Trainee: 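Before I ask anything, let me first share the structure, which is written out below as structure tokens.
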Number of protein chains: 2
Amino acid sequence: MTSLMQKIKEVLPQLSEAERRIGEYVFENPEAIPHMTTKELSKKSGVSEATIIRFCKSIGIGSFKSFKLALMKDLTLTDTNLTDFSVLNKKDSPYDLFHKVIHVNKSAIESCADSMDRKELAKAVEAIQHAGKIVFFGVGGSSTAAVDAQYKFTKLGYHSITSLDFHYMLSVIPHLTENDVFVAISTSGKTKDVLELTRFAQKKGATAIAITTLSKSPLYKEADIRLCTPNVEQDFRIGSIPSRMTQLTVIDTLYMSIFHHVGEKVLQQYYDARSEMESLRR
Amino acid sequence: MTSLMQKIKEVLPQLSEAERRIGEYVFENPEAIPHMTTKELSKKSGVSEATIIRFCKSIGIGSFKSFKLALMKDLTLTDTNLTDFSVLNKKDSPYDLFHKVIHVNKSAIESCADSMDRKELAKAVEAIQHAGKIVFFGVGGSSTAAVDAQYKFTKLGYHSITSLDFHYMLSVIPHLTENDVFVAISTSGKTKDVLELTRFAQKKGATAIAITTLSKSPLYKEADIRLCTPNVEQDFRIGSIPSRMTQLTVIDTLYMSIFHHVGEKVLQQYYDARSEMESLRR
DNA sequence: GATTTTATGAAATTTAAATTCATTATTATA
DNA sequence: TATAATAATGAATTTAAATTTCATAAAATC
């Protein structure tokens, strides 16, 4: 707990009804406050603007502006702001939602650190490094990560494949061999299409890397290498937003790691592509 | 040196006379700025208030208020919490890189708050809400965001279109009307294909929303609505990783906002899709 | 040399913060 | 119990700050 938040908590019981309401709101949504106006906060917490000014004075701060600055400073000092943003509420404006999305995505990425196993990661990098083809597959929200991965690894000079089309994939997999890698992306680890293609790829000898949540799912059990994403499911309205961020973070890591290894080799092609792009500007 | 101050130092030589004066003043008195008003700073640095607003935009920050907040945050960061992850080094293991990726992505998402303009965001939500068709277009790294957006808005029941194929897009755009929205995604704002399609869409009467960095790029100038992403360019090896995160954060915000509005209506379809998915498990 | 573009500040507008004041609820006192 | 005193509150107003618009001058381009 930071000093300013601490202070608010302490004085909370001594405050009047309306001022306490503000304090409670601040306590629940500290991140949001610095970007708010008195009018907004007044609406959200259900008290008048005048009371907000009074609240600032009550906690010993001269103005609402100073309060916002102080809070920003306070929040910066601690990264452990465990705000429960799962609570979306009716009155949220797009700008409010924007800040909630920022928060949700930030914490999702943060929590990636918890679920990743360094040995599995090393194995994955090893496998991809020596791969001939890399096939990525994910459906629904997970297709974004697959598309992103396919683009990134193509840039690195890999024969990298993805498609949303199950039947297209069915025609790709028979050509996989022991050297190849199949990356299955599924948050739940239960998606039928993903499972079937993974098994098929394994039957052809490819190494199956799963990007999935740590759970007793079939995909988790059957994959050769498991890159676990944290369980970040929240309010259904937020849906796949945070889990996609975690998947992308894993993809980014694979990309960076491979770049690190093969970097020198592809650097020239990389520059070529860049300068050509500059000149074409497309 | 902290990141924002660093940034100011870097752009200083490219700024105009008056804007540079502000930059220099900020550099000499960083601690004072967060408590100042535009009028004060204008007097102190000897330039007009308007130029101060322009200065903020020049360094990639959406408003003077955001600038003050960002600076406060920046100054609060001590060397201890300033792990310099921007530097990649040779000995980095995949696991090291993983943590650097986490850091880079987190800060990218965090800095989204600086460049977003709430009015523009509100306009964008308004436009999309009443849109018939929504077309997303981005090339290269920005295609990920386009794909993600297309999927999300389809789930909300919109006629939502994207493609990587320029010529396919050329065949889509003639059918756009005043009610439709074209969302152009380009970090630089200079990508030729994106620009050409944007102009074409505007000619057909569609509203052009740009997701791009705050800069003097053609896309920024010409778009009807600008949703600015921060300038997060780093080491070339990290490449488009952070900018893609910022684009996705903007997309997520649009999605959440629209969901908020049309949510009740599509909820039933949403559940239908979910339960059907459960039963099919594919 | 004419024309466009860019940079700039003055003035106007919009938006936010802070204050005032009237109203209501609460407590203390006759 | 009735009445005065006090405290809490929000509506309306005032003040201040941020932002935009517009006119002008300087620089760059044709």
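Computed from a prediction, not measured in an experiment: that's the story for all the values here. Chain letters run A, B, ... following the sequence lines, proteins first and then strands; every chain starts at 1. Basis for what follows: all heavy atoms, side chains included, without hydrogens, waters or symmetry-related copies.
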Trainee: Please report, rounded to the nearest Å, how far the C1' atom of C/dG9 is from the CD1 atom of B/I53.
Mentor: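 So the CD1-C1' distance, B/I53 to C/dG9, works out to 13 Å.
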Trainee: How long is the line joining CD1 of A/I52 and C1' of D/dA8, in whole Å?
Mentor: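 In whole Å, D/dA8 C1' and A/I52 CD1 are 15 Å from each other.
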Trainee: What is the separation between atom CG on A/L41 and atom P on C/dT15, rounded to the nearest whole Å?
Mentor: 19 Å
Trainee: Where along residues 117-127 of chain B does a heavy atom fall under 4.0 Å from DNA chain D?
Mentor: none
Trainee: Between A/K100 and A/D96, does at least one N-O distance fall below 4.0 Å, as a salt bridge requires?
Mentor: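 No, A/K100 and A/D96 are not salt-bridged.
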Trainee: Check the distance between D/dA16's P and B/E40's CD and give it to me in whole angstrom.
Mentor: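 B/E40 atom CD is separated from D/dA16 atom P by 13 Å.
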Trainee: The side chain of B/A50 is closest to which nucleotide in this list: D/dT20, C/dT20, D/dA18?
Mentor: D/dT20
Trainee: Over 60° means perpendicular and under 30° means parallel, so classify the ring planes of B/Y158 and B/F153, tilted if in between.
Mentor: perpendicular
Trainee: Using only side-chain N and O atoms of A/K68, determine if any of them is under 4.0 Å from OP1 or OP2 of C/dA17.
Mentor: yes
Trainee: Using whole Å, report how far CD1 of B/I33 lies from P of D/dA17.
Mentor: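 Result: 15 Å.
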Trainee: Between A/K43 (NZ) and C/dA16 (C1'), how many Å, whole number?
Mentor: 15 Å
Trainee: How are the rings of B/Y255 and B/F259 set relative to one another: parallel (under 30°), tilted (30 to 60°) or perpendicular (over 60°)?
Mentor: perpendicular
Trainee: Between A/T38 and C/dA16, is there a contact of a side-chain N or O with OP1 or OP2 at under 4.0 Å?
Mentor: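 So the side chain of A/T38 is outside the cut-off, no N or O lying under 4.0 Å from OP1 or OP2 of C/dA16.
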Trainee: Is any NZ, NE, NH1 or NH2 atom of the basic residue among B/R20 and B/E17 found under 4.0 Å from an Asp or Glu carboxylate oxygen of the other?
Mentor: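 The answer is yes: the pair qualifies as a salt bridge.
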Trainee: Rounded to the nearest 0.5 Å, how far does CG of B/D224 lie from CD of B/Q202?
Mentor: 4.5 Å
Trainee: Quick one: do B/R244 and A/D252 make a salt bridge, cutoff under 4.0 Å?
Mentor: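 Salt bridge flag = yes for A/D252 with B/R244.
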Trainee: Side chains of B/T229 and B/Q247: any donor to acceptor distance under 3.5 Å?
Mentor: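 Absent: no donor and acceptor within the cut-off.
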Trainee: Does A/S63 put a side-chain nitrogen or oxygen below 4.0 Å from OP1 or OP2 of C/dA18?
Mentor: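 For C/dA18, OP1 or OP2 has a side-chain N or O of A/S63 closer than 4.0 Å.
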Trainee: What is the distance, to the nearest angstrom, from the CD atom on A/E49 to the C1' atom on C/dA18?
Mentor: 9 Å
Trainee: Would you call B/R118-A/E40 a salt bridge at under 4.0 Å N-O?
Mentor: yes
Trainee: What is the distance, rounded to the nearest whole Å, between atom NZ of A/K39 and atom C1' of D/dT14?
Mentor: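 It works out to 14 Å between those atoms.
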Trainee: Between A/V47 and A/I52, does the side-chain contact (heavy atoms from CB on, under 4.5 Å) criterion hold? Intermediate values first, please.
Mentor: CA-CA 8 Å; A/V47 302; A/I52 289 170; 4.2 Å; yes
Trainee: For D/dT19 and B/K57 - does any side-chain N or O of the residue sit under 4.0 Å from the phosphate oxygens OP1/OP2?
Mentor: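 It does not, given that no N or O in the side chain of B/K57 lies less than 4.0 Å from OP1 or OP2 of D/dT19.
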Trainee: Quick one: which protein N/O atoms are closer than 3.5 Å to N/O atoms of nucleotides 6-8 of chain C? Pair and distance per line, please.
Mentor:
| from | atom 1 | to | atom 2 | distance (Å) |
| --- | --- | --- | --- | --- |
| C/dT8 | OP1 | B/A18 | N | 2.9 |
| C/dT8 | OP2 | B/S16 | OG | 2.1 |

